[in-house]
Amino acid sequence: MNGLADLRMFSEIACSQSMASAANRLGMAPATISGRLKALEDHYGVALVRRTTRSLLLTEEGKLLLERARPVLSGFADLERDMGGRRTAVSGGLVLSCATDISRVQLLSLVRAFARAHPHLQFSLRFDPPGSLHEIPFDVALRVGPVRDSKLTIRKLFSMETVTCAAPAYLAEHGVPTRPSDLCRHECLRLDGSAFAGNDWAFQDGAGSVAVGGRFRASDPATLKNFTVQGLGILRTASADVEAELAAGVLVPVLGDFEPEPQTVCLLSDSRRRLPARTSEFIDFAQALARAPSAGGRTVVSMLSAVDICKIM
């Protein structure tokens with residue numbers, strides 16, 4: 001028995017009351033239809049139809065099978081339609097797995113713009129530590145720095161500038177570091193799971209990587225920013241996330257001449273041919289927004305704040 005295919009065939013035979021008509025409608029040879037009907041009757045061990053010289057009639061068992069098969073076939077047709085619609089309709093829920101250290105301002109800019117374009121889509125933002133992406137559920141993953149995973153499609157999305165900074169009160173008490181190696185004598189606020197603000201802070205101009213330490217670490221960038229504002233140590237973070245504090249003088253940049261090149265944020269997903277419409281649409285939207293030209297060579301995503309983002313939609 002060939003499951004749903006045989007039930008569909010039997011339903012067609014019952015509705016047309018003709019083997020030849022059913023074969024024609026299904027695009028099958030009459031001999032094939034006859035053989036599959038016999039196999040179906042052998043499977044259940046009872047006759048399902050009674051053939052006459054002019055027509056084909058259902059037996060009592062055939063009527064029962066037809067009655068029970070109709071809701072099954074109808075439900076399967078609904079399932080096929082709904083699943084097929086997932087390839088074309090931007091609906092359902094979009095799960096984003098985000099790196100802990102990705103700029104919250106840049107991320108919110110991207111998500112809010114896409115949400116405004118698709119008001120019926122639901123969003124779930126996860127902030128996951130580094131590790132195997134195959135162990136966590138997601139539609140799209142955003143990661144900072146180089147990513148190597150042969151099972152995922154990786155796209156470079158936008159650049160994220162970093163800054164090393166501290167509160168004026170902290171610098172007044174502990175001194176201003178003039179070289180990255182000076183950080184060994186300072187309280188450095190470390191971000192768990194970060195590619196650039198964890199236990200090792202990379203610098204350029206020959207400074208290399210510095211192993212930093214301190215009394216405070218957290219998995220939440222906002223907590224570390226609050227600690228920094230309170231004068232508890234030196235912070236390495238995405239520039240966009242402390243732009244307001246830097247402009248107001250609440251935080252002061254240090255080691256600016258040694259700051260590393262902007263970090264690359266990559267977008268990861270399964271193979272394009274297996275993606276539902278919501279995921280494909282988000283990928284296209286994110287890449288188009290990141291490529292959009294803007295003043296000073298920075299991308300639109302890099303420049304927009306959570307408030308300004310609504311103006312582009």
Side-chain angles (χ1 to χ4, degrees), residues 1-95 117-118 120-122 124 132-141 149-155 267-288:
M1 180 179 174
N2 193 17
L4 285 168
D6 282 344
L7 291 181
R8 189 180 291 113
M9 175 205 69
F10 180 73
S11 177
E12 193 63 45
I13 292 173
C15 291
S16 62
Q17 294 186 333
S18 166
M19 299 285 284
S21 296
N24 184 58
R25 290 174 63 88
L26 294 173
M28 301 169 61
T32 301
I33 286 279
S34 179
R36 287 179 59 178
L37 175 60
K38 182 179 183 303
L40 190 61
E41 290 179 320
D42 290 342
H43 174 77
Y44 288 115
V46 293
L48 300 174
V49 300
R50 183 176 297 108
R51 299 171 179 81
T52 68
T53 55
R54 294 188 175 184
S55 63
L56 183 149
L57 302 176
L58 296 183
T59 63
E60 182 176 343
E61 287 73 21
K63 293 178 181 178
L64 176 62
L65 179 61
L66 179 63
E67 179 184 350
R68 300 293 294 272
R70 279 174 173 166
V72 174
L73 295 173
S74 177
F76 185 74
D78 291 342
L79 175 62
E80 290 281 277
R81 183 178 61 254
D82 292 344
M83 292 301 296
R86 292 282 176 159
R87 291 289 302 172
T88 57
V90 182
S91 60
L94 184 69
V95 179
H118 302 283
H120 301 296
L121 194 62
Q122 297 179 342
S124 176
S132 175
L133 287 171
H134 301 287
E135 298 174 358
I136 57 177
F138 71 93
D139 292 306
V140 172
D149 194 320
S150 60
K151 296 181 180 179
L152 295 173
T153 301
I154 302 172
R155 304 169 179 84
L267 186 153
L268 295 82
S269 70
D270 287 329
S271 171
R272 185 71 182 231
R273 62 184 177 84
R274 297 188 298 178
L275 298 179
R278 64 179 182 275
T279 307
S280 296
E281 188 74 11
F282 180 81
I283 291 171
D284 292 341
F285 185 93
Q287 289 186 303

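Throughout, numbering of the chain's residues begins at 1 and tracks the sequence.
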**Prompt:** Can you name the side-chain contact (heavy atoms from CB on, under 4.5 Å) partners of Glu61, sequence neighbours left out?
**Reply:** Val46, Leu48, Thr59

**Item:** Closest contact, heavy atoms only, Ile13 versus Ala22
**Value:** CG1-CB, 3.7 Å

**Message:** Enumerate the salt bridge (charged side-chain N to carboxylate O under 4.0 Å, His left out) contacts for residues 62-75, please, sequence neighbours excluded, ordered by first and then second residue.
**Reply:** none

**Message:** Can a donor-acceptor pair be found, under 3.5 Å and without considering hydrogens, that links the side chain of Arg8 to the backbone of Leu73?
**Reply:** no

**Prompt:** Who pairs with Ser18 by side-chain hydrogen bond (donor to acceptor under 3.5 Å, both in side chains), at least two apart in sequence or on another chain?
**Reply:** Ser21

**Message:** Once ring-ring contact (aromatic ring centres under 6.0 Å, His included) is applied, do any residues pair with Phe10, and if so which ones, sequence neighbours excluded?
**Reply:** none

**Complete:** Taken in chain and number order and not counting sequence neighbours, the residues that satisfy side-chain contact (heavy atoms from CB on, under 4.5 Å) with Thr279 are Leu94, Asp139, Val140, Leu275, Pro276, Ile283

**Inter-residue atom distance Met19.CE - Met28.CE, 0.5 Å rounding** = 9.5 Å

**Asked** Who are the side-chain contact (heavy atoms from CB on, under 4.5 Å) partners of Ala14, not counting sequence neighbours?
**Response** Leu58, Leu66

**Asked** Taking only residues at least two apart or on different chains, which pairs with a member in residues 11-22 satisfy salt bridge (charged side-chain N to carboxylate O under 4.0 Å, His left out)?
**Response** Glu12-Arg25

**Request:** Find the distance between CE (Met9) and CG (Leu26) and round it off to the nearest 0.5 Å.
**Result:** 8.5 Å

List the atom pairs, with distances to 0.1 Å, where a side-chain N or O of residues 29-38 and a protein N or O form a donor-acceptor pair under 3.5 Å, not counting sequence neighbours.
residue, atom, partner, partner atom, Å
Arg36, NE, Asp6, OD1, 2.9
Arg36, NH2, Asp6, OD1, 2.7
Lys38, NZ, Asp42, OD2, 3.1

**Prompt:** For Phe282 and Leu267, which heavy atoms make the closest approach, and how far apart are they?
**Reply:** CE2-CD1, 4.2 Å

